[in-house]
Amino acid sequence: MYTTTLCDVYARAMRWLGHDVFFLTGTDEHGVKVEQSAIEKGVSPQELADKNSAEFRSIMSIFELTNDEFIRTTDPEHTKQVQAFVSTLLERGDIYLGTFEGWYDEGQEEYHTETSARDLQYKSPISGKPLVRSSEKNYYFKLSAYQERIETLFAEQPNLVRPESRFNEVLGRLREGLQDVPISRTNFSWGIPMPSDEEHVIYVWIDALFNYITALGLGDSESTLCKDREKYWPAAYHVIGKEILWFHAVIWPAVLMALELPLPNCIFAHSFWISEGKKMSKSMGNFIDLEMIDSYLETYGMDAWRYYIVTQGPLGASDADFVAETFQDLYNAHLVNTVGNCTSRVTAMIGKYFNGEVQPETKDGARIVFDGFDWPEKCKTTIHSWTSSMESFSLSQAIESVMVLIREVDVFINETAPFKLAKDESKTPELGAILYQCLETLRIASILLDPVIPIKMNEFRTSICAETTNHTFEKETAWGGLEAGIKVEKVALFPRVTH
RNA sequence: UGCGGGGUAGAGCAGUCUGGUAGCUCGUCAGGCUCAUAACCUGAAGGUCGCAGGUUCGAAUCCUGUCCCCGCUACCA
């Protein structure tokens, strides 16, 4: 949910910038866990997967995320293409049938690694029975063959994995050497069968990795899906949780190399949310579940929810703490006191002094300028830093640059004191110009904040009669887009929330 | 065990590479203003920069030791 919201902000920003965006999310539905849990519940794995996926999508719909496609790894289209890709890899010898040997826990039906077996003193942690040396046939992906190419890749693309600390983490593990990885198992059946050897089922994680390209139809080059969507590969970003970094940063690029496909530009691995200083757990009562999210949405609204998780979330290397008090403080400080109050005071003055009619910023045909406040220039600077921050997925940095701009409007109002000029009729042109410049800056800021708080920013533009059309980003954010003479209503975007 | 990151005001962080008045956001306090949602603006208080040594005229910054926290240590999705 968090991950998808981040992508949503990025996708919206990129659409504003005029890029042709394909934003993909979905559900990973295969695996032993699903199979076991289905057995326990007395339903088929497919039924359980359907239920889980539907639930996930219903949650998604609440958040109005703008993904262009929702892929399910149980889609026949996905399954078919995964088998096609695996067949190709088999033909090329990148996947081979090998023997896996290890310490097997007969009670638990699972293998332990050499190190973990030693830690357990070669006994089952559950039953206490000795582990047995056992072996089975598995299909392996020849990861070891890609050691050198992956190392070169990392040397040449220092931004392949972000944040930087994750890049270094992977690099460290890379130095320990790559071994071939098993990609199939025979002890469960809920998954995609290996082509031509149906006893084997492809491991969930490798099946799931392919979603990025099966959603684009790359595994079926004759399909219309592929014709329509192949232009979207390679992806600009794969945004993932840190727990699946290794697969995305090493195995996935190696698989793509084997298939001679281009690699994604960047894999961004975020960290985890903790809650009120502790790891989330249901028994602790600090689990952020749907019910809790709902109560936040009800109290603060969806935009506030997005604003909080995007600006305070664990996009960096360390986990972030979800704290109710911080949520409220941030909401009041940024959304109520800054965005809400500033838009309110500006629209209120236009209402009070000009009957709601926006005045021109000119006098005798020339722009009225105020020392130290070159708004067209300030806006341009903000747009530039916003753009580069957004493009590099520094979402909170992009947002902060806009907040700085809005705070400066507050400074401007305090220094030029339009409410004093209002008492002097000869100053009417200046008064009108000040308010024009404030409102125009806020209009531009509202476009920049649109990716995070779309509902409120749209509401704002509607009430100042400055709805965006389908002009280019450059045109929409150009100074002077606001026309003199339009009618403005006083706004109150974010209601104050107190305990 | 090994590799990597971190410990700076009440909270969250920047500064460390390229030594030289310790900075930002929020909170607290005081003043200003009154257009605005008890808001906004200005200013102040608050820190032995994990601990102990060393180098230097001078160390948050460089070196050594030490304590604590976190991530990774693959076949687990």
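So that the names make sense, note that chain A is the first sequence line, chain B the second, and so on, each numbered from 1.
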What is the nucleic acid contact for [X], judged by heavy atoms within less than 4.0 Å: base, sugar-phosphate only, or nothing?
{"X": "A/Leu493", "value": "base"}
{"X": "A/Tyr203", "value": "sugar-phosphate"}
{"X": "A/Gln312", "value": "nothing"}
{"X": "A/Tyr353", "value": "sugar-phosphate"}
{"X": "A/Val181", "value": "base"}
{"X": "A/Leu171", "value": "nothing"}
{"X": "A/Gly177", "value": "base"}
{"X": "A/Ala492", "value": "base"}
{"X": "A/Arg175", "value": "nothing"}

Partners passing ring-ring contact (aromatic ring centres under 6.0 Å, His included) against A/Phe354 (at least two apart in sequence or in another chain):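 Partners of A/Phe354 under the ring-ring contact (aromatic ring centres under 6.0 Å, His included) test: none.
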Under the ring-ring contact (aromatic ring centres under 6.0 Å, His included) rule, collect the residues that match up with A/Tyr436, sequence neighbours excluded.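 A/Tyr436 satisfies ring-ring contact (aromatic ring centres under 6.0 Å, His included) with no other residue.
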Tell me whether the rings of A/Trp252 and A/His238 are parallel (<30°), tilted (30 to 60°) or perpendicular (>60°).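 Rings of A/Trp252 and A/His238: tilted, as their planes differ by 30° to 60°.
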Given atom [atom1] of [X] and atom [atom2] of [N], what is their separation to the nearest angstrom?
{"X": "A/Met349", "N": "B/C33", "atom1": "CE", "atom2": "C1'", "result": "12 Å"}
{"X": "A/Ile406", "N": "B/C41", "atom1": "CD1", "atom2": "P", "result": "12 Å"}
{"X": "A/Trp252", "N": "B/C75", "atom1": "CH2", "atom2": "P", "result": "21 Å"}
{"X": "A/Asn414", "N": "B/G31", "atom1": "CG", "atom2": "C1'", "result": "14 Å"}
{"X": "A/Glu400", "N": "B/G12", "atom1": "CD", "atom2": "C1'", "result": "13 Å"}
{"X": "A/Leu245", "N": "B/C72", "atom1": "CG", "atom2": "P", "result": "10 Å"}
{"X": "A/Glu325", "N": "B/A11", "atom1": "CD", "atom2": "C1'", "result": "10 Å"}
{"X": "A/Asp180", "N": "B/A74", "atom1": "CG", "atom2": "C1'", "result": "13 Å"}

Examine B/U73: is either OP1 or OP2 under 4.0 Å from a nitrogen or oxygen in the side chain of A/Arg173? Give yes or no.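 For A/Arg173, the contact criterion (side-chain N or O under 4.0 Å from OP1 or OP2 of B/U73) is met.
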Taking the [atom1] atom of each, how far is [N] from [M], in whole Å?
{"N": "B/A9", "M": "B/G15", "atom1": "C1'", "value": "15 Å"}
{"N": "B/G5", "M": "B/G32", "atom1": "C1'", "value": "45 Å"}
{"N": "B/A60", "M": "B/C49", "atom1": "P", "value": "7 Å"}
{"N": "B/U61", "M": "B/U16", "atom1": "P", "value": "12 Å"}
{"N": "B/C13", "M": "B/G7", "atom1": "C1'", "value": "13 Å"}
{"N": "B/G4", "M": "B/A22", "atom1": "C1'", "value": "28 Å"}

Can you list, by residue number, the residues of residues 337-345 of chain A that have a non-hydrogen atom closer than 4.0 angstrom to RNA chain B?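 RNA chain B contact set from residues 337-345 of chain A: A/Asn337, A/Gly340, A/Asn341, A/Ser344, A/Arg345.
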What's the closest nucleotide to the side chain of [X] if the choices are [options]?
{"X": "A/Lys420", "options": "B/C72, B/C33, B/C75", "result": "B/C33"}
{"X": "A/Arg407", "options": "B/C41, B/U37, B/A77", "result": "B/C41"}
{"X": "A/Gln179", "options": "B/C35, B/A74, B/C26", "result": "B/A74"}
{"X": "A/Phe247", "options": "B/U37, B/G71, B/C76", "result": "B/C76"}
{"X": "A/Phe419", "options": "B/C33, B/A38, B/C41", "result": "B/C33"}

Want to settle it: does A/Asp329 or A/Lys490 sit nearer the 5' end of RNA chain B, counting the closest nucleotide to each?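 The answer here is A/Asp329.
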Along RNA chain B (nearest heavy atom to each residue), the more 5'-positioned of A/Pro182 and A/Val346: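 Its nearest nucleotide being more 5', the pick is A/Val346.
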No-hydrogen, no-angle side-chain donor-acceptor test under 3.5 Å, [X] and [Y]:
{"X": "A/Arg72", "Y": "A/Asn211", "value": "no"}
{"X": "A/Tyr139", "Y": "A/His200", "value": "no"}
{"X": "A/Thr25", "Y": "A/Arg57", "value": "no"}

Looking at every non-hydrogen atom in both residues, tell me the closest pair between A/Ile350 and A/Val358 and how far apart they are.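 Heavy atoms of A/Ile350 and A/Val358 come nearest at CG2-N, 4.2 Å.
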For A/Leu435 and A/Val346, which heavy atoms make the closest approach, and how far apart are they?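 Scanning both residues, the minimum pair turns out to be O-CG1, 4.2 Å.
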Between A/Glu400 and A/Arg407, is there a side-chain N and carboxylate O pair less than 4.0 Å apart?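 Looking at A/Glu400 and A/Arg407, the cut-off is met.
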State the pairing partner of B/A44; accept Watson-Crick or G-U wobble contacts with both distances under 3.5 Å, and report none otherwise.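 The answer is B/U28, by the H-bond criterion.
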